[in-house]
Protein chains: 2
Amino acid sequence: MTVTIYDVAREAGVSMATVSRVVNNNPNVKPQTRKKVFEAIERLGYRPNAVARGLASKKTTTVGVVIPDISNAIFAEVARGIEDIANMYRYNIILCNADKKKDKEISVINTLLEKQVDGLLFMGGTVTQEHILAFKSSSVPIVLCATTDDNNAIPAVDIDHEKAAFDAVQLLISNGHRNIGMISGTLQDPANGYARFQGYKRALEEAGIPVIDDHIRVGNYRYESGIEAMKYFINLADKPTAIFAATDEMAIGAIHTIQDANLRVPDDISVISVDNSRMASMVRPLLTTVAQPMYDIGAVSMRLLTKLMNKENVEVTKIVLPHEIIVRKSVAHVK
Amino acid sequence: MTVTIYDVAREAGVSMATVSRVVNNNPNVKPQTRKKVFEAIERLGYRPNAVARGLASKKTTTVGVVIPDISNAIFAEVARGIEDIANMYRYNIILCNADKKKDKEISVINTLLEKQVDGLLFMGGTVTQEHILAFKSSSVPIVLCATTDDNNAIPAVDIDHEKAAFDAVQLLISNGHRNIGMISGTLQDPANGYARFQGYKRALEEAGIPVIDDHIRVGNYRYESGIEAMKYFINLADKPTAIFAATDEMAIGAIHTIQDANLRVPDDISVISVDNSRMASMVRPLLTTVAQPMYDIGAVSMRLLTKLMNKENVEVTKIVLPHEIIVRKSVAHVK
DNA sequence: CTGTTAGCGCGTTCAT
DNA sequence: ATGAACGCGCTAACAG
């Protein structure tokens, strides 16, 4: 039924080793022989079996990607970066959603390892001891992607979330704002939640502005929770003159709430956030936000992984990509 | 180095066949033996090699997914549906972006087939003869996902794009609009472009409204092209009283352009579109749009594929999922 | 430059 | 219920 390397060999009148050589572009084949083999391949419609090749060579040219949720635009962008670079180096990607749930993460790591991936890209919640254990149970290279690792034991590429938040809030402060509300993500989330909150706090502290609980609301990254938080802020006696939101979506929720209350952005209240998703340039006013290079995070981590898989010597295994404030129209000087 | 089934056999004092049986849940093993084997597995940290298993069993429990662009929210949603169901049936997903480019599509189909995937989910541009040829070159089941196939030769699941557009435009007409502009996608795209335009046309024709070229602009699905198209419409002598946009993004571009011209949505101009992306509920006014069940398209096509891979008899192989108009705030009765 | 020969790790008869 | 032996399709020495 299926045509194998052996059939080709017979058809071309050579040995299977020779067929293997031409298929794998080994230079040690006479051009004429090569031609004969190619013709036989063509005639028989031979297609190499990558599984057999994987078993014999102990390489699958496949890498596993653990991702929280591919339907989340942020991660999808990372995934595209990963796939583009993988493709460039002739790797394929096995994609697994794990929703930042530890059990699911450990589980997919194991099935990925069973599938003999040549490398692993991990994007998830916190990296626990259990994760490390699962990683160490095999010798395939791993790189953490947009994921923090307290133990700092594994190669990783990410941005500096704390600094990103710090910079955003500092922009507000440099515009004269001193009454700044924060719409945070859950503080349990080390990167998008806790770190950004820390940046907010540090920016205030360095400016000598007291951090008060009433100016902090915790949301769930989504539009609706931005609305909810903003409704709260608007009813405050000392209403903030500026809002720092941990995500664009929450920022947009805040903007709409402000506008619905017949206040203006940025004239009455300024808004800044972090993400720079497509939506940031699809609101009125255009949203000032700090851009995270998500595509690049994916691309760079995949590139790092190729080096690791290639057993190249990589000195720096902790890569922090730069972020950038995209100044648009949602921040103004305080009145 | 790596511990194999053979090592486990020795450690447990049984044959490798027995180990294979317990690993694969074959009932023909004495409980006591099973226990011994499990203990040996635990002790040695044995992890089955899926590649070797794939070679021996001719099954990889892996399916290939060809997708236009995972960083596009619409497709990412489909992908999540696919992965969830795949996961449920213990399949893994190899994900390949092909950007709707024919050559790239054919190329990834072939590498996926080389990897011996048990099935293929294809999401792309048009399905040409060359695609069919590539599909037919192997006997693995294929299902088309959100992709039209003129030849109608391959199992597929999609929505009725023409009808979706028709319904949207009809809602406009039933609100008294007779001067309706369309912001279309490229007409070369059979589903999102051409079919939606056809639906627009048919709705007008059935209402006895002439279809005039001046009321049709072709965009590229994006926000910016919605802006551009709307600028054109606004300067028209007989300005449309309603706009049908082929995507939410273009619709939002139109809305903002209308508002920037100091006109109101929907009081002055109504806007409707199709997609029901998250953004539809993140604009003011909230966007009325027809919802496509993208997650379901992914889930249903993956489910169909599992049946096909399982050699179950499936009668209907052309599944059309229902769409639904989500009425929000961007459409009003004509003044 | 080419062919021979072993495995790679596992599923699967076929015996027992 | 268990074991022996073969083969899945290919790569990788090694020999010539």
- Message: Donor-acceptor check, side chain of A:Thr147 to backbone of A:Gly124, threshold 3.5 angstrom: yes or no?
- Response: yes

- Looking only at atom types and distance, does a side-chain atom of A:Thr18 sit under 3.5 Å from a main-chain N or O of A:Met16, one as donor and one as acceptor? no

Would you kindly give the [atom1]-to-[atom2] distance between [X] and [N], to the nearest whole Å?
X: A:Asn26; N: D:dA13; atom1: CG; atom2: C1'; result: 13 Å
X: A:Ile5; N: D:dT11; atom1: CD1; atom2: C1'; result: 8 Å
X: A:Lys59; N: C:dG9; atom1: NZ; atom2: P; result: 14 Å
X: A:Arg21; N: C:dC1; atom1: CZ; atom2: C1'; result: 8 Å
X: A:Tyr6; N: C:dT5; atom1: OH; atom2: P; result: 11 Å
X: A:Lys58; N: D:dA12; atom1: NZ; atom2: P; result: 11 Å
X: A:Asn24; N: D:dG9; atom1: CG; atom2: C1'; result: 13 Å

- So which one's nearest nucleotide on DNA chain C is more toward 5', B:Met16 or A:Thr18? A:Thr18

If you round to the nearest 0.5 Å, how far is [atom2] of [Y] from [atom1] of [X]?
X: A:Ile70; Y: B:Leu95; atom1: CD1; atom2: CG; value: 6.5 Å
X: B:Ile74; Y: B:Asp69; atom1: CD1; atom2: CG; value: 11.5 Å
X: A:Ile82; Y: A:Leu305; atom1: CD1; atom2: CG; value: 9.5 Å
X: A:Arg53; Y: B:Lys115; atom1: CZ; atom2: NZ; value: 9.5 Å

- Task: Pull out every residue in residues 107-119 of chain A that has a heavy atom closer than 4.0 Å to any atom of DNA chain D, ordered by number, or say none.
- Result: none

Can you tell me if [atom1] on [X] sees more than 12 non-hydrogen neighbours from other groups inside 6.0 Å?
X: B:Tyr194; atom1: OH; result: no
X: B:Lys318; atom1: NZ; result: yes
X: A:Lys59; atom1: NZ; result: no
X: B:Glu312; atom1: CD; result: yes

- Does D:dC8 have OP1 or OP2 sitting under 4.0 Å from an N or O in the side chain of A:Thr4? no

- Across the strands shown, which category fits A:Val23 at heavy-atom distances under 4.0 angstrom: base, sugar-phosphate, nothing? nothing

- Query: Just checking B:Ser20: base, sugar-phosphate only, or nothing, at a heavy-atom cut-off of under 4.0 Å?
  - Reply: base

- Nucleotide nearest B:Ser15 (side chain, heavy atoms from C-beta), chosen from C:dC10, D:dG3, C:dT4: D:dG3

- For the helix from C:dC1-D:dG16 to C:dT16-D:dA1, how many degrees between its two end axes (five pairs per end), to the nearest 10°? 30°

- Paired with A:Arg21, the side-chain contact (heavy atoms from CB on, under 4.5 Å) test is passed by just one of A:Val14, A:Val29, A:Thr33, namely A:Val29

- Task: Tell me which residues in residues 30-57 of chain A put a heavy atom below 4.0 Å from DNA chain C, sorted by number, or none.
- Result: A:Lys30, A:Thr33, A:Leu55, A:Ala56

- Message: A:Asn110 vs B:Arg47, test: side chain to side chain contact (heavy atoms under 4.5 Å, CB included). Steps then yes/no.
- Response: CA-CA 9 Å; A:Asn110 280 316; B:Arg47 183 180 356 242; 2.8 Å; yes

